Amino acid sequence: MVEQLQSLRGMVDLLPAATARWQALETTARDHFRRAGVHEIRTPLLEATELFARGIGEATDVVGKEMYSFVDRGDRPCTLRPEGTAGVVRAALQHGLLSQGPQRLWYGGPMFRYERPQGGRQRQFHQIGLEFLGFADPRSDVEAIAIAWDLLAALGLGDLTLEINSLGTPDDRRRYRERLVAWLEQHHDALDGDSQQRLTTNPLRILDSKNPDTQRLLIEAPQLIDSLEDSSRDRFEQVLAGLAELAIPTVRNPRLVRGLDYYGHTAFEITSGALGAQATVCGGGRYDGLVEQLGGPATACIGWALGLERLLILQERSGTTAAAPPPDVYLVNQGDGAGALALRLARQLRQAGLAVELDLSGAGFGKQLKRADRSGARWAVLLGDREAAAGLAQLKDLQGDGGEGPATVPLADLAARLLPAGG
RNA sequence: GCGGGCGUCGCCAAGCGGUUAAGGCAGCGGCUUGUGGCGCCGCUAUUCGGGGGUUCGAAUCCCCUCGCUCGCCCCA
C-alpha cells in the first residue's frame with residue numbers, strides 16, 4: 001500500500017461538518033461590517049518579504065522566525081502573509097486609496113506563521129481584521145474597538161475581557177525603555193532567562209512575561225504610563241472615557257505591550273479565560289507610523305485582528321450550535337424513465353428556489369426513503385416509472401408521523417405546492 | 001525552537017508480552033425486488049500512525065520517525 005499522504009503540520013482541513021459554522025460566522029461578520037460602514041478589501045496571500053520585514057519589524061518573532069518565506073522562480077523573496085495589516089496598507093498606497101480620503105476597511109482570510117501548533121494555534125489560521133486608515137481622533141479608537149466588541153457579542157460570545165493600554169509616541173517609548181532597562185539591570189539576577197535575553201533585544205516585551213517571579217518583580221518596575229507625555233496621556237483618557245460612555249468594560253493593563261513594532265498609543269487585547277494559553281481572541285491598536293514606513297504619507301491608523309479558530313473554540317465551549325441546513329426535498333426515483341425525468345425535475349425545483357437532493361443510487365424505494373429520512377429533508381418526492389408515465393409524483397411529508405399516506409401531485413404543481421410550505 | 005502526555009476501523013473505545021484484536025455509533029447488505037423513521041440478522045481492522053529492534057512470541061517492551069495534545073516561546 002502506498003503511504004497515506006497527510007496535510008502539512010499545522011494545516012487543518014475544514015470538513016463539511018465544520019463549514020456550516022464557518023459560514024454562519026462569516027455571514028454575521030459581513031453583515032456587521034456592512035452596518036458599521038466598513039468595506040471589504042482582499043489582498044494577495046503572497047507578498048514581497050520586504051513588506052513584512054519593513055512593516056512588522058525585523059526584530060519581532062513574527063518576522064524573525066515565524067515566516068513562510070521562499071524565493072520564487074524569478075528570484076523574488078516571497079512570504080505567505082503572517083498578518084493582514086501590512087498587505088492592506090500596501091494595497092491602499094499602491095492604488096491611491098488614501099488620496100480619496102480616510103478608509104474604513106476590513107479583510108478576512110488565512111494567515112501563515114511557522115510555529116509549533118497548539119490548541120488555538122495553527123500554521124495556517126484565519127483572521128478577520130479591521131483597519132481604519134487616516135483616522136487620528138481618539139473617537140476612532142473607540143469606534144474601532146466597539147465594532148470588535150459588538151461583533152463578538154453578535155457571535156454569541158460573552159465573558160470576555162478587554163485589556164487596554166497606551167504605548168504613547170515613539171519618543172515616549174524611547175524614554176520609557178531607557179528607564180525600564182536601567183531599572184531591570186539593577187534586578188538582572190532576579191529575572192528569568194528569557195527576560196534576561198530580551199533585556200538587550202526587546203526589553204518592553206519583558207513586561208508581559210508569563211514567569212510568575214518576573215511578574216512579581218515587575219510590580220515595582222517603572223510604569224509606561226508615567227513616561228507618557230501629557231498629550232499622550234490625555235489621548236488615552238479620552239479613549240477610555242469614550243469606551244466607558246458606550247458601556248464597554250475595560251481593564252487597564254499597564255504591562256500590555258504587544259509584539260508588532262508598528263503599534264503606538266492605544267493597544268488592546270480581548271481575551272477569554274476559556275482558551276488556555278492562547279487566550280487572545282482579538283488584538284490590535286494604533287499604528288500611526290506604519291504608512292510612512294511603507295513609503296506613504298504620514299497617516300494615523302487603528303486596526304485589529306480577530307482569530308477565527310479561537311472564536312470557534314469559544315463558540316463550541318459556550319454551546320452555540322450551527323448545523324448545516326437540510327434540503328427541502330429529497331427526490332426518490334426508480335426506473336430509467338423516472339431517472340431521466342428526476343434529473344429534470346430536480347433542476348426545475350431548484351430553479352424555483354428549493355433545496356433538492358437527488359438520489360442517484362438506483363436503489364429501491366425503501367432504501368431511498370431511508371436515506372431521505374436521514375437527510376433531514378422535510379419532503380420526499382417519489383418518482384417511479386408509473387408516476388413518470390402519468391406526469392405525476394407522490395409527495396410525502398417526512399416530518400409527519402406517516403398517518404396520512406402520500407399525496408399524488410401533478411409534476412407541474414409540485415413547486416407551487418412545496419414553496420409556501422417550505423418556510 | 002524547548003519540555004510533558006498521547007496515537008487501536010470514518011468516530012468513540014476495550015485490550016497493557018501468548019492461539020482467530022471486544023463493544024458502541026456510523027456505513028453497507030438483507031428481512032421489505034415500488035414506499036422512511038422502530039426492530040431483527042449479517043458484513044465491514046490478516047492489523048494496532050510509520051520504520052527498525054528485543055523476544056520462541058508484541059497492539060502491548062526499547063529506539064527512531066510522523067502526527068496530535070498540554071505548557072514554554074509567540075500571538076489571532
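Being a predicted model, the structure only gives us computed values, none of them experimental. Below, read A as the first sequence line, B as the second, and so on, with proteins coming before strands; counting in each chain starts at 1.
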Among the nucleotides rC73(B), rA76(B), rG36(B), which one has an atom lying closest to any side-chain atom of Leu369(A)? rG36(B)
Supply the atom-to-atom distance Met111(A) CE to Leu308(A) CG, rounded to the nearest 0.5 angstrom. 9.0 Å
What's the CG-C1' distance between Leu395(A) and rU35(B), to the nearest Å? 13 Å
Tyr263(A) side chain: which of rA76(B), rC68(B), rG71(B) is closest? rA76(B)
Using atom P of each nucleotide, how far apart are rC6(B) and rC43(B) to the nearest Å? 35 Å
Assign Asp385(A) to base, sugar-phosphate, or nothing according to its heavy-atom contacts below 4.0 angstrom with the strands shown. base
From the set rG34(B), rC73(B), rG36(B), return the single nucleotide nearest to any side-chain atom of Arg386(A). rG34(B)
Whether over 12 other heavy atoms sit under 6.0 Å from Arg139(A) CZ: no
To the nearest angstrom, how far is Asp61(A) atom CG from rC2(B) atom C1'? 14 Å
Taking for each residue the nucleotide of RNA chain B with the nearest heavy atom, is it Glu309(A) or Asp192(A) whose nucleotide lies nearer the 5' end? Asp192(A)
When the distance from CZ of Arg81(A) to C1' of rA76(B) is rounded to whole Å, what number comes out? 13 Å
Could you tell me whether Glu387(A) contacts a base, only the sugar-phosphate backbone, or nothing, with contacts defined as non-hydrogen atoms closer than 4.0 Å? base
Across all strands shown, which nucleotide pairs with rG34(B) by Watson-Crick or G-U wobble geometry, both distances under 3.5 Å? none
At less than 3.5 Å, do the side-chain atoms of Arg121(A) and the base atoms of rC73(B) form a donor-acceptor pair? yes
When the P atoms of rG51(B) and rC66(B) are compared, how many Å lie between them, rounded to an integer? 15 Å
I'd like the P distance from rG1(B) over to rU65(B), given in whole Å. 12 Å
So, Lys370(A) and Asp373(A), do they make that salt bridge, N to O below 4.0 Å? no
Does any N or O donor sit under 3.5 Å from an N or O acceptor when you compare the side chain of Gln6(A) with the base of rG50(B)? no
Should Lys367(A) be listed as having a side-chain N or O under 4.0 Å from OP1 or OP2 of rU33(B)? no
With a 4.0 Å cut-off on heavy atoms, is Glu66(A) in touch with a base, just the backbone sugar-phosphate, or nothing at all? sugar-phosphate
Nearest-Å distance once atom C1' is located in both rG50(B) and rA59(B): 14 Å
Across all strands shown, which nucleotide pairs with rG29(B) by Watson-Crick or G-U wobble geometry, both distances under 3.5 Å? rC41(B)
Select base, sugar-phosphate, or nothing to describe what Arg374(A) touches, counting heavy atoms under 4.0 Å on all strands. sugar-phosphate
Report the distance from atom CG of Leu240(A) to atom CG of Asn165(A), rounding to the nearest 0.5 Å. 9.5 Å
Both distances below 3.5 Å, Watson-Crick or wobble geometry, any strand: find the nucleotide opposite rC68(B). rG5(B)
Within the 4.0 Å heavy-atom criterion, would you say Ala305(A) contacts the bases, only the backbone, or no part of the nucleic acid? sugar-phosphate
Do any side-chain nitrogens or oxygens of Gln368(A) fall under 4.0 Å of OP1 or OP2 in rU35(B)? no
Where the side chain of Arg371(A) is concerned, which of rU69(B), rG29(B), rG34(B) is the nearest nucleotide? rG29(B)
Nearest of rG37(B), rC73(B), rA76(B) to any side-chain atom of Gln118(A)? rC73(B)
Is Gln334(A) near enough to rG34(B) that one of its side-chain N or O atoms lies under 4.0 angstrom from OP1 or OP2? yes
With both distances under 3.5 angstrom, what nucleotide forms a Watson-Crick or G-U wobble pair with rU60(B)? none
Just checking Gly120(A): base, sugar-phosphate only, or nothing, at a heavy-atom cut-off of under 4.0 Å? base
Nearest heavy atom decides the nucleotide; on that basis, is Gly384(A) or Pro117(A) closer to the 5' end of RNA chain B? Gly384(A)
Counting heavy atoms from C-beta on, name the nucleotide in rU35(B), rA76(B), rG37(B) closest to the side chain of Arg258(A). rA76(B)
Determine the Euclidean distance between corresponding P atoms of rU20(B) and rA58(B); express it in Å to zero decimal places. 11 Å
The test is side chain to side chain donor-acceptor pair (under 3.5 Å); show your working for Ser209(A) and Asn211(A) and say whether it passes. CA-CA 5 Å; Ser209(A) 163; Asn211(A) 185 293; 5.4 Å; no
Which nucleotide, in any strand shown, forms a Watson-Crick or G-U wobble pair with rA22(B), with both distances under 3.5 Å? none
Integer angstrom distance from the C1' of rA45(B) to that of rA26(B): 16 Å
Are more than 12 heavy atoms, taken from residues, nucleotides or ligands other than Asp72(A), located less than 6.0 Å from that residue's CG atom? yes
Do side-chain atoms of Asn202(A) reach the backbone of Thr60(A) as a donor and acceptor pair under 3.5 angstrom? no
Quick one: label Gly193(A) by what it contacts on the DNA or RNA (base, sugar-phosphate, nothing), any heavy atom closer than 4.0 Å. nothing
rU44(B) to rG23(B) separation - C1' atoms, rounded to the nearest Å: 15 Å
If I pick the P atom on rG15(B) and the same atom on rC9(B), what distance separates them, to the nearest angstrom? 16 Å
Could you tell me whether Arg371(A) and Glu357(A) have a side-chain N and a carboxylate O separated by less than 4.0 Å? no
